[in-house]
Structure formats: structure tokens, C-alpha cells
Novice: 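Sending over a structure as C-alpha cells; questions will come in a sec.
Each ligand, and each atom within it, is numbered from 1 in the order the structure gives.
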Amino acid sequence: MNIDVNMVEALVKKVINSVNENASSLNEDYSYGIFENMDDAAEAAAVAQRKYLGCSMSERAKYVQVIRDVVLKKENLELISQMAVEETGMGKYEHKLVKNSLAATKSPGIEDLTTEAMTGDDGLTIVEYSPFGVIGAIAPTTNPTETIICNSIGMLAAGNSVIFSPHPRAKNVSLTLIKMINKGLEEAGAPRNLIVTVKEPSIENTNKMMENPKVRMLVATGGPAIVKTVLSSGKKAIGAGAGNPPVVVDETADIEKAASDIIAGCSFDNNLPCIAEKEVIAVDSIADYLIFNMKKSGAYEVKDSALIRQLEGLVINENGGPKTSFVGKSAQYILSYVGIQVGPEIKVIIMETPREHPFVQTELMMPILPVVRVNDVDEAIELAIQAEHGNRHTAMMHSRNVDKLTKMAKLIQTTIFVKNGPSYAGIGVGGEGYTTFTIAGPTGEGLTSAKSFARKRRCVLVGGLDVR
Ligand code: NAD
């Protein structure tokens, strides 16, 4: 038997190299996606995405399931929910549990990426959802972990890697969650660094991320400033911006149910969700009964105009925006600052105000809910459109009049319009449909999902596979 010495030598070298490679990767101190600087993070995410292109769809499905499982593991879910409340000082632990598990269970995965096919005499053409590459995703303080969970699921399902830019005030919980997910992904055999961030998130680092040429798409979930910034970046961008959701109640509504739905939606996570009820516009003939029932459902009514002014001074800052120190705080906490002690059964502070009051016109993100009285439903719809400020975000209406429900839905043009339910029905809690915490009104993707983070590409096979 002839032995090719060169071939044996090459084979031995290959085996030694691969052993060395494995050994070095085992010894290497893997940072689980956390990098010192943005350039290194972007480079690692780009390398990861290239490797990820070689993974099968069933592997992608497996990795998406890993994200769900990691988040839903009891100790992880409790830890990130607890940390989010403690670090940001906003929201409610029990509701963070609900929101985080909602994001983990109801954010669509690879099944969202449906293929279109066209066949005919000239053959077969398919249009498929293909990854953008590396996505830069900016997350808010109000839903720090929920946004990371639902964006990770959607963006990885679509074949991308992602660089997160968390809010600096949610740094620790965001980094903990990213590490947790990367650990799970590594154990499942996924390429390393599919989800990355930097040790010190900051506006400066967010800007570096936006400028990095390796980042092919930007997704901003936050207020008007960051949405405007990503839209001016020259890159493909999704902007999920602010809302100021009005809720209209007319004389045909089931008033008891409307009152309890409004209090439940408004108080959810202390009013942090961008979809939560921010002002009530009620037809005069039912306004008293609505207020009476809201109080039965856990509202505290402030009637004294001096006290309303005191509250205004307390929670509105010099620029007319909400004071951060009161955003996402409980009604009990806010009332204690104006000398009113109540128990935790009080979930929302209500008061009647004129339509131009800052509580109506400003997105407060705290459980202060003004009620504006109007003569009829048409006036209510008109005011709701004005108070929504063209954000095209979310609105609610309680009515049994189909014509008026249709009128408001058509005219207000919001991404989410909930009829006869609490606002969270619009993101799949007690309402049909999937969930997301990135609701893109300004750029039109609506409730984002895997396909929002993908490019449509056409593949053409000429002259074949038409079997009709
Ligand atoms: P924010 O705009 O203050 O911050 C959002 C993110 O953008 C943070 O990571 C922040 O660090 C970054 N950022 C802000 N300005 C920036 C700038 N000039 N340059 C670089 N980075 C910048 O918002 P927030 O207070 O954390 O969140 C609340 C806001 O987000 C509300 O307006 C709410 O309606 C909105 N929101 C919208 C959605 C949606 O799906 N549409 C979801 C959640 C929150």
C-alpha cells in the first residue's frame, strides 16, 4: 500500500489546528456579548451574523426558543423584573413579570417569515424575507427588558445579529439579560455574540453605533428625539415613538365595564406602557356615572383645584414634560407628596380638567388620569384626535355605536385602536394577536415582528418548476 506522506502530514496539521482552535475558544474569556467599546461590539456582531447565515431555519427556531426559555425560567424572570423596577425606579414588579413573560411567549418567531411565490410560463419566482445583517436597537427605560426580549426574538428569527443600546438608567438589568440570553444561546450551539452591547451605554455610544458602517438597520423604541435621530441617519430605520393615548366613552357604552377597563389599562405597570390610557374624554350625560365607577375600581378623585395645581407643579418639569422622578411611580406614592395618604388599593388619580390642561396634552407615563367632559361623541372624537397629537400611536373607545366606533377608528389613524377593552388588549393581553413592545407608528411597520426586521429579496428560476 502506498502512503502519501504529504497528505498524512496535512491531515495531522489540520487535526492539531482544530484541537488548538477548540482549546483556545474554551479558554477564551467570553464576555457573553458585553464589549468595552462600540467598534468591538459591532465587529463581533458582524462576525456572528456571517456565521449565523450558515445556520438552518430549524437552528434559528431552536435559538428563538432558547430566548423564550431563558426569560421564562422562574428565577431569571423574577430577577430581571425585580432589577428593572429597582434600577429604573419605575413600574411595578408584578406587572413587569406579566410584560416580560408576554414578550417571551407572544413575540412571533420564524413562522412570521412567509414566502411569496409566483409561477408561470417563465418559471418560478420567490420573494423571501432575508436578514438586514447587523441591527442597532435602542431601548427605552420604560420597557427596558421587554424591548430587548421582543427585539431579540424578532431580529434573530429574521437572521440578524443585534447591537443593543439600552438606556443608561437601565444598564445593569439590560446587561444581565443580554448575558443570560447569550449564555443560553451558547449552550444551544449558536454562534457567539448574536446579541451584543457595551459595558457603559451612553448617548455617545448610541451615536457611535448609529454611525458604524457595519450596522445596516436602526430600530429606535423611545421618545421623539431618538426617533428623529435614527430617521435622519441615512440608514434604514424603524421609529417607534411616543404616544398620548386618549380613551373616549360615549353614552352607549357599558359604563361599569368601561370604568374598570380604563383603570386596569391606565394603572398597568404604573402607566409606563406607551399604549396605556393617558386621558379620558367622556360624554357629559354619562361622565358622573363613569367617574363613580372609576372610583369603585380603584381611582382617587381630586376635586380641589388648588390640589390639582399642586400636583401639576409636582410632576411637570420646567420644559412642560413629566418629571423623571415621578414617571412610573404609583398613585399612592404621588399622592403622598401632596399630603394624601391612601392604601395600595388606590391605583389611579383622576380629576376633571379642561381640554387644554397639561395633564391632557402631555404624555405623563404615571397614573394621573384627567377626565374631560364634552357634549357629545363627535366632540369627544375631535378632542381625542387633537390630544393624540398626530402620533398615530394608540387610542381606545368604549361604545356600542358601530358608526361612531368606525368614525373614530378611521379619523384618529392610530396603529392600535382598542374597542371596549383595556389598552393592553391591543398588545395581545385579553385581545387577539401577537405582541410587541416596539410599535412603529411614524415609519408604518405597526406592531413590529420578525418580518419588520427583514429585507424582501427575489430569487428567479427561469423556465422551470411551473407545474400547473
Ligand atoms: P427616551 O427617548 O428618553 O430614551 C429612549 C432611548 O433613546 C434610550 O436608550 C436613550 O438613551 C436614547 N436616546 C434618547 N435621546 C437620544 C439622543 N439624542 N441620542 C442618542 N440616544 C438617545 O425615552 P424613555 O423615557 O426611555 O421612554 C419613554 C418614551 O418612549 C415615551 O415617549 C414612550 O411613549 C416611548 N415608547 C414608545 C414605544 C413604542 O413602541 N412606540 C415603546 C416604549 C416607549
Novice: Kindly tell me which protein residues have any non-hydrogen atom under 4.0 angstrom away from an atom of ligand 1, grouped by chain and ordered by number?
Specialist: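 Within 4.0 Å of ligand 1, the protein residues are Ile138, Ala139, Pro140, Thr141, Thr142, Asn143, Ser165, Pro166, His167, Pro168, Ile203, Thr206, Asn207, Thr221, Gly222, Gly223, Ile226, Ala240, Gly241, Ala242, Gly243, Cys274, Glu363, Met365, His393, Phe437, Thr438, Ile439.
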
Novice: Compute both the distance and the angle, then confirm whether Arg192 meets the cation-pi test with Tyr30: under 6.0 Å from the six-membered ring centre, within 45 degrees of the axis.
Specialist: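 Yes.
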
Novice: List, one per line, each side-chain donor-acceptor pair under 3.5 Å for residues 150-161, sequence neighbours excluded.
Specialist:
from	atom 1	to	atom 2	distance (Å)
Asn151	OD1	Thr438	OG1	3.1
Ser152	OG	Ile148	O	2.6
Asn160	OD1	Phe132	N	2.7
Asn160	OD1	Gly133	N	3.0
Asn160	ND2	Met155	O	3.0
Asn160	ND2	Phe453	O	2.9
Ser161	OG	Ala45	O	2.8

Novice: When the ring planes of Phe326 and Tyr337 are compared, do they come out parallel, tilted or perpendicular, using 30° and 60° as the limits?
Specialist: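 Aromatic pair Phe326/Tyr337 classed perpendicular.
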
Novice: For the side-chain contact (heavy atoms from CB on, under 4.5 Å) test, which of Asn193, Val198, Thr197 pairs with Ile34?
Specialist: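 Exactly one option meets the side-chain contact (heavy atoms from CB on, under 4.5 Å) with Ile34, and it is Thr197.
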
Novice: Report yes or no: is the cationic atom of Lys179 (NZ for Lys, CZ for Arg) under 6.0 Å from the centre of the six-membered ring of Tyr32, at an angle within 45° of the ring normal?
Specialist: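 Verdict for Tyr32: no cation-pi partner in Lys179.
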
Novice: Go through the steps for Glu352 and Arg373 under the test salt bridge (Lys or Arg N to Asp or Glu O under 4.0 Å), then give the verdict.
Specialist: CA-CA 8 Å; Glu352 283 199 53; Arg373 219 176 256 264; 2.9 Å; yes

